[in-house]
Amino acid sequence: QVQLVESGGGLVQPGGSLRLSCAASGSSFSIYAMAWYRQAPGKRRELVAHITSGGSTNYADSVKGRFTISRDNAKNTVYLQINSLEPDDTAVYYCNAGRTYTSGTYLSLNYWGQGTQVTVSS
């Protein structure tokens, strides 16, 4: 079992930056791949970035070059650095614990945080 708590969201102007954090508690954080998803109003939840237990990262095309996922296993925390924010980045951002296939595909497990709201507006 893993419990996840996100923080760091807020209201930011276009072009600004935020760093989201996801603190994990429970069993063996380091064995899990971790991911960030987001869900905008009226849209499906989408995977934006994931990081393997070994630290390899993968990003959705829409966020490449602007988002950076990282993890600190000593602190049981995964981060999402978001730069050059755009209005289309407005969404609730969720942290997830999962696995990755050898192909690199991410498999979400049923471990979710409550989400943190990111709003990009002038």
Side-chain angles (χ1 to χ4, degrees):
Q1 294 289 330
V2 180
Q3 293 79 44
L4 304 171
V5 179
E6 300 98 334
S7 61
L11 173 63
V12 63
Q13 292 186 342
S17 297
L18 282 174
R19 188 174 82 153
L20 308 183
S21 299
C22 172
S25 59
S27 62
S28 304
F29 169 79
S30 63
I31 70 172
Y32 291 99
M34 298 297 297
W36 286 94
Y37 287 74
R38 67 184 180 186
Q39 187 166 20
K43 295 187 177 181
R44 297 179 62 180
R45 191 173 296 190
E46 64 169 340
L47 175 65
V48 295
H50 75 261
I51 184 167
T52 68
S53 57
S56 297
T57 59
N58 189 273
Y59 299 91
D61 288 342
S62 59
V63 307
K64 280 181 181 176
R66 298 189 300 119
F67 287 24
T68 303
I69 189 171
S70 61
R71 65 190 298 161
D72 185 337
N73 288 340
K75 295 182 178 180
N76 283 4
T77 302
V78 61
Y79 304 97
L80 186 68
Q81 177 68 41
I82 310 175
N83 298 326
S84 303
L85 276 156
E86 304 169 354
D88 283 350
D89 296 321
T90 295
V92 179
Y93 284 70
Y94 296 93
C95 179
N96 176 261
R99 304 289 191 193
T100 50
Y101 295 103
T102 52
S103 64
T105 301
Y106 183 79
L107 171 67
S108 64
L109 300 176
N110 196 27
Y111 301 128
W112 296 93
Q114 82 289 350
T116 186
Q117 175 71 48
V118 172
T119 302
V120 184
S121 175
S122 55

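Worth saying up front: this structure is predicted, and the values here are computed from it rather than measured.
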Where A24 and V2 come nearest, the two heavy atoms and their spacing: CB-CG1, 4.1 Å
For a 4.5 angstrom cut-off between non-hydrogen side-chain atoms, does V12 reach S17? no
Going by heavy atoms in the side chains, are L20 and V118 under 4.5 Å from each other? yes
Can you tell if the side chain of R99 reaches within under 4.5 Å of the side chain of I31, non-hydrogen atoms only? yes
Applying side chain to side chain contact (heavy atoms under 4.5 Å, CB included) to V92 and not counting sequence neighbours gives Y94, Q117
Check whether Y32 forms a cation-pi arrangement with R71 (NZ or CZ under 6.0 Å from the six-membered ring centre, at most 45° off the ring normal). no
First locate atom CZ of F29, then atom CE of M34, and finally report the distance between them rounded to the nearest 0.5 Å. 5.0 Å
Rounded to the nearest 0.5 Å, how far apart are OH of Y59 and CG of L47? 11.5 Å
Is there a donor-acceptor pair under 3.5 Å between the side chain of N96 and the backbone N or O of N110? no
Test your reading of the model: is there a side-chain donor-acceptor pair from S108 to the backbone of G98, 3.5 Å cut-off? no
When rounded to the nearest 0.5 Å, the distance separating CG of L4 from OG1 of T77 is 10.5 Å
Using atom types as modelled and distance alone, determine if a side-chain donor or acceptor of Q114 lies under 3.5 Å from a backbone N or O of E6. yes
Give the minimum heavy-atom separation between S84 and D89, together with the two atoms involved. O-OD2, 4.3 Å
E46 side chain near R44 side chain, heavy-atom distance below 4.5 Å: no
Under the disulfide bond (SG atoms under 2.5 Å apart) definition, can you give me all pairs with a residue in residues 76-122, not counting sequence neighbours? C22-C95
If hydrophobic clusters are built from ILVMFWY residues whose side chains come within less than 4.5 Å, do I82 and Y79 share one? no
Given the ring of Y37, does R45 sit roughly above its face, with NZ or CZ under 6.0 Å from the centre of the six-membered ring and within 45° of the axis? no
Measure from the side-chain N and O atoms of H50 to the backbone N and O of L107, and report whether any donor-acceptor pair falls under 3.5 Å. no
Scan side-chain atoms only and decide if S103 and T105 contain a donor-acceptor pair under the 3.5 Å cut-off. yes
